[in-house]
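One structure is given below, encoded as structure tokens.
Each chain gets a letter, A, B and so on, in the order its sequence line appears, and its residues count up from 1.
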There are 2 protein chains.
Amino acid sequence: MTANATDQSTEEKIKEAARKIFLQKGFAGTKIRDIADEANINIALLNYYFRSKEKLFDAIFDEALAELLSGMFAILNDKSLSFEEKIIKAVNSDIETLKKSPFLPNFVFNELNSKVDKIVQKFPNVLEFDNVHFVEQFNAGVAQGKYRNIHHEHVYACMQGMILQPFIEKSMFCFQHQGKSAEELEVLFIEFVDNHKQIVIDMLLNYLVIR
Amino acid sequence: MTANATDQSTEEKIKEAARKIFLQKGFAGTKIRDIADEANINIALLNYYFRSKEKLFDAIFDEALAELLSGMFAILNDKSLSFEEKIIKAVNSDIETLKKSPFLPNFVFNELNSKVDKIVQKFPNVLEFDNVHFVEQFNAGVAQGKYRNIHHEHVYACMQGMILQPFIEKSMFCFQHQGKSAEELEVLFIEFVDNHKQIVIDMLLNYLVIR
DNA sequence: AATATTTTTAAATACTTGTTTAAATCAAAT
DNA sequence: ATTTGATTTAAACAAGTATTTAAAAATATT
């Protein structure tokens, strides 16, 4: 298998199509024929480039998991930022990521149900809270009386929950605004999540930071 | 088709098994043979009592959607409760519901992606925000300067997001506490969500209610 | 230009899976 | 006891689906 321009292009075409279908329909709901159609290629090519549906899925899933989490964890680990700055940056950057890939959270956390054991091996160090700078800063601030004395897992849960909700429950948002066209709906939704950023930040800091 | 004790029992057995499998694996990921095995019955019985996999799924899904949302909306519509009381009661009751059915949110919101149009018909009145008493109370309070001036959709998004997050990302919680046994993990998780209740309530009221 | 290698295709294969059939079992009614 | 109807079962069916095969086409190498 060489790696000239044509190869890259077909392999990329397959991955792009696979990503689109998998993210919307999940592993079980996706037929490789749908992917082949979306990519305008022969089904046998899927097994030529990737060895099976499962291997192709794994490639997509790994990237999706990284896309969903590594950006946020990079910010939470950035030692040049204060606790408050981390929250502001994480919320803004995460929502920007999700605007580009609204299906990401539903896809990842749904598939994760059946693969908890798998990721334990794959992300050995990155996702452990105790080593994250954000947590150290928060615990130190709690000790100083600067921040409210709760367990750091609640901070993450609240932040992450408020960030993800609009995307996970996007169908509910569509339901609330039924009657609108798909384009109008999209504009409204983007407007909503953009406004949501500041509210999430304010709600977190207002509660966590003792004035 | 009579309705004696035996009938009820088998039909219930099927529904119970179907619920368990569907909630964990979704529609596409569920094989009717898995359901039959779980219920210890013949596959043909599924089509005898329910006419198809899809009809059986619809029965399960409708109940799941109601279980996830109608309890909360009943509270948000209870005119005997103040705005603050509604938040307190909704958070507590919702988390209690989810403790019993942790897969509910992932299941419902994932399947909803492919069925937005369907539910529009099924829940015509219940789920419209504008008619909900909670929203009226909040908007009135905003006008009086009692509550912070944000759009009510953000209030729902924050509350719902913080409530659901532990359950949607339960796999992440398991990841954080790897090494523990399944029983220990369950105890820890329940402890976490129980503590989470008060934090969600405090965070919401602390931000929304202007003192 | 000829050969070898990689890429692509159409078709076949083997397996899964939802549904149906037709017979067997069971329960109630006459 | 026999008949009737409902329930259950094993087996067959038909459609769908992931994967493989073997040949063709395209590309690179000599």
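Atom CD of B/E11 is separated from atom P of D/dA6 by 15 Å (rounded to the nearest Å). As rounded to whole Å, 11 Å separates atom P of C/dT19 from atom CD1 of B/I35. In this structure, CG of B/N40 is placed 17 Å from C1' of D/dA10, rounded to the nearest angstrom. Rounded to whole Å, atom P of D/dA15 lies 17 Å from atom NZ of A/K31. Rounding to whole angstrom units, CZ of residue B/R51 and P of C/dT21 are separated by 12 Å. Atoms CG (A/L45) and C1' (C/dA11) sit 15 Å apart, rounded to a whole Å. As rounded to whole Å, 11 Å separates atom P of C/dT9 from atom CD1 of A/I43. Atom CZ of A/F50 and atom P of D/dA18 are 16 Å apart (whole Å).
No option in A/Y147, A/F83, A/F129 other than A/F129 meets the ring-ring contact (aromatic ring centres under 6.0 Å, His included) test with A/H152.
Aromatic ring pairs are classed by plane angle as parallel below 30°, tilted from 30° to 60° and perpendicular above 60°; the pair B/H196 and B/F192 is parallel. Between A/F57 and A/F27, the ring-plane angle classifies as perpendicular under the 30° and 60° cut-offs.
Taking only side-chain nitrogens and oxygens, B/Y48 never comes nearer than 4.0 Å to OP1 or OP2 of C/dT20.
No contact: A/L46 has no heavy atom under 4.0 Å from any strand.
For A/R33 and D/dG16, a side-chain-to-base donor-acceptor distance below 3.5 Å is absent, hydrogens and geometry of angles not being considered. A donor-acceptor contact under 3.5 Å is formed by the side chain of B/N42 with the base of D/dA10.
Of the two residues near DNA chain D, B/I41 and A/N47, the one whose nearest nucleotide lies more 5' is B/I41.
Comparing C/dT21, C/dT6, D/dT19 by their closest approach to the side chain of B/A44 singles out C/dT21. Here the side chain of B/I32 is nearest to one of C/dT19, C/dT21, C/dT9, namely C/dT19. Nearest to the side chain of B/T10, among D/dA18, D/dT8, C/dT20, sits D/dT8.
Under 4.0 Å is where a charged nitrogen must lie from a carboxylate oxygen, and between B/K170 and B/E186 at least one such pair does.
In this structure, B/F167 has its ring center closer than 6.0 angstrom to the ring center of B/F189.
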